[in-house]
Amino acid sequence: MALTKVYDAATVFKHMNGILNVYKPSGMKVKHVRNAILSNICKGLNEMEQRKPRKLQENISLLGTGTAADHVLHNIGEQTDLSDHLLSTGPRYLPRDLICTTVSSLGDHTSGVLLFGINRGAGQSSSIRKNRPVRVYHLIGHLGIATENNLPDSRVIMRSNHRHVSADRISSLAASMQASHQRKMFELCGVDLQTQEAYELACRGLLRPADDSQPVVYGIKLIHFDRPHFTLELHAINETQEYLATLVHDMALDLRTVAHCSQLRCVRHAHFDVTDSLLRHAWHLPGIIKNLRQQRDILRAHPQLLRQQRVELRATD
């Protein structure tokens, strides 16, 4: 279907609904990203064609000099309502006129895929959040240096030798941790991993925690090693920036050294990939409209993101 260029701000605002996929830079808070998106949307809308100010209805005024004989009926006619003029009301569109909700937040030091629900897309964002889809991260660890909060912006508290660490040892430890997390998921369900019940439970779909407080790691593997740096690919639900940084720190302790997480990057959230994310230089109205249309196609191709049968874990005591 051919696209039609629209110059009317009201028409654009009416169709501005859905999920928005933006690339959050590292070191930028989510609320600052949200404010920038809303400000740029309003700026673009206010630069388009606006509706005309309202007109006052025709009035008939009684004019005279004071005596009954001198009174004359005068038709004022249709005039512009100055109280509805842009010079009086200010910009037609303000950030508070838009609904913008975050599907799932990212930490200040985490970059990558960040999803927003715009206007009627707020309901879709709530459905995606309740379904708890898996997010994929690339974590870059720095061996030999430990910091206070396991992130690169804090004070160094320890240094250690890391010459004995190899790619094979990290891969072996990652496989062991993945197996441990998978076994823990079935234990929370109250079933033995070696039973038919566990097999049938796994066939029903991806196991998910019963609440948002239980982080679950579904996969972890080494994808790059260049001492002292190594990169892990991690699939998780209910994770936080602090949890991921602590996981890198704990892996280093098991390897008899120390490390901190020098970079965190979310590369995929469910079927929303980082290659489709809107970069910062494209956070303007045309780019946002185009991105909303692209994410709408993804939701249409994967309706289970909004409606699916969830397999939940038993809530922990």
Side-chain angles (χ1 to χ4, degrees), residues 23-24 26 104 106-107 109-114 131-147 150-152 160 162-189 193-194 198-199 201-203 205-209 214-277 302 311 313:
Y23 187 91
K24 174 191 170 299
S26 177
S104 187
L106 294 177
H109 296 281
T110 306
S111 61
V113 177
L114 180 61
N131 286 332
R132 303 191 188 102
V134 175
R135 288 202 285 187
V136 182
Y137 289 85
H138 284 175
L139 310 178
I140 299 181
H142 190 145
L143 293 167
I145 299 177
T147 61
N150 303 318
L151 292 169
S160 176
H162 55 83
R163 294 291 178 182
H164 60 282
V165 179
S166 64
D168 291 339
R169 293 190 62 181
I170 297 178
S171 296
S172 177
L173 177 60
S176 176
M177 293 181 66
Q178 177 176 325
S180 175
H181 278 85
Q182 290 177 351
R183 183 166 54 252
K184 180 182 177 181
M185 287 187 289
F186 286 94
E187 290 175 355
L188 290 175
C189 287
L193 189 61
Q194 303 298 326
Y199 171 76
L201 186 63
C203 291
L206 192 66
L207 295 176
R208 289 174 172 80
Q214 181 68 35
V216 178
V217 176
Y218 293 95
I220 179 172
K221 65 178 180 179
L222 179 71
I223 60 176
H224 182 71
F225 181 76
D226 183 16
R227 190 182 291 112
H229 301 284
F230 64 95
T231 304
L232 299 172
E233 182 177 280
L234 185 138
H235 301 243
I237 285 179
N238 292 340
E239 75 295 333
T240 62
Q241 176 180 266
E242 292 72 21
Y243 175 81
L244 298 177
T246 303
L247 186 143
V248 172
H249 172 73
D250 293 343
M251 288 186 65
L253 294 180
D254 290 339
L255 295 169
R256 299 183 181 277
T257 184
V258 295
H260 70 277
C261 191
S262 60
Q263 183 178 340
L264 300 92
R265 183 167 176 254
C266 179
V267 297
R268 191 169 71 248
H269 189 159
H271 294 279
F272 302 97
D273 196 80
V274 70
T275 56
D276 299 325
S277 294
H302 305 282
V311 182
L313 300 181

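- The shortest side-chain heavy-atom distance between V267 and Y137 does not fall under the 4.5 Å cut-off.
- Atom CG of D168 and atom CG of L173 lie 12.5 Å apart (nearest 0.5 Å).
- Listed for the K24 side chain is a donor-acceptor partner under 3.5 Å among the backbone atoms of G107.
- Scanning both residues, H249 and A259, for their nearest heavy atoms gives ND1-O, 3.7 Å.
- Remark: R227 CZ is packed, more than 12 non-hydrogen atoms of other residues, nucleotides or ligands lying under 6.0 Å away.
- N131 places no side-chain N or O within donor-acceptor distance of the main-chain N or O of P133, the cut-off being under 3.5 Å.
- The backbone N or O of A252 sits nowhere less than 3.5 Å from a side-chain atom of T257 that would complete a donor-acceptor pair.
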Pair Q178, Y218 - check side chain to side chain donor-acceptor pair (under 3.5 Å), show working. CA-CA 7 Å; Q178 177 176 325; Y218 293 95; over 6 Å; no

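- The nearest pair of heavy atoms linking L106 to V113 is CD1-O, 3.3 Å.
- Side-chain contact check for Y23 versus L114: every heavy-atom pair is 4.5 Å or farther apart.
- H224 places no side-chain N or O within 3.5 Å of a backbone atom of T231 that could act as its donor or acceptor partner.
- Summarising the geometry, atom CD belonging to E233 is positioned 7.0 Å from atom CZ belonging to R268; distances are rounded to the nearest 0.5 Å.
- Distance CZ/R135 to NE2/H269: 5.5 Å, rounded to 0.5 Å.
- In this structure the side chain of H138 reaches within 4.5 angstrom of the side chain of I223, judged on heavy atoms.
- Taking both residues in full, the closest heavy atoms of A245 and L151 are given as CB-CD2, 3.9 Å, listed atom of the first, atom of the second, then distance.
- Considering only heavy atoms from C-beta on, Y243 comes within 4.5 Å of V217 through its side chain.
- Under the 4.5 Å side-chain criterion, counting only non-hydrogen atoms from C-beta, K221 is not in contact with L234.
- Looking at P152 and H260, their side chains come closer than 4.5 Å, going by heavy atoms from C-beta outward.
- Residues H164 and R169 are in side-chain contact: their nearest non-hydrogen atoms beyond the backbone lie under 4.5 Å apart.
- For the atom pair CD of E239 and OG of S104, the computed distance is 6.5 Å after rounding to the nearest 0.5 Å.
- Counting heavy atoms from C-beta outward, I220 and L247 have side chains that approach closer than 4.5 Å.
- Side chain of S262 to backbone of I140: a donor-acceptor contact under 3.5 angstrom is found.
- The nearest pair of heavy atoms linking N238 to Q214 is ND2-O, 3.2 Å.
- S160 pairs in a side-chain contact (heavy atoms from CB on, under 4.5 Å) with only one of the listed residues (V258, L143, L255), which is V258.
- Rounded to the nearest 0.5 Å, atoms OG1 (T147) and NE2 (H142) are 11.0 Å apart.
- One finds the CE atom of M177 at 8.5 Å from the CG atom of L232 (value rounded to the nearest 0.5 Å).
- Tested against Q241 for a side chain to side chain donor-acceptor pair (under 3.5 Å), the candidates T246, T110, N150 yield a single pass: T110.
- Between H162 and P228, the shortest heavy-atom distance links the atoms CE1-CB, 3.7 Å.
- When all heavy atoms of A167 and L222 are compared, the pair lying nearest together is O-CD2, 3.5 Å.
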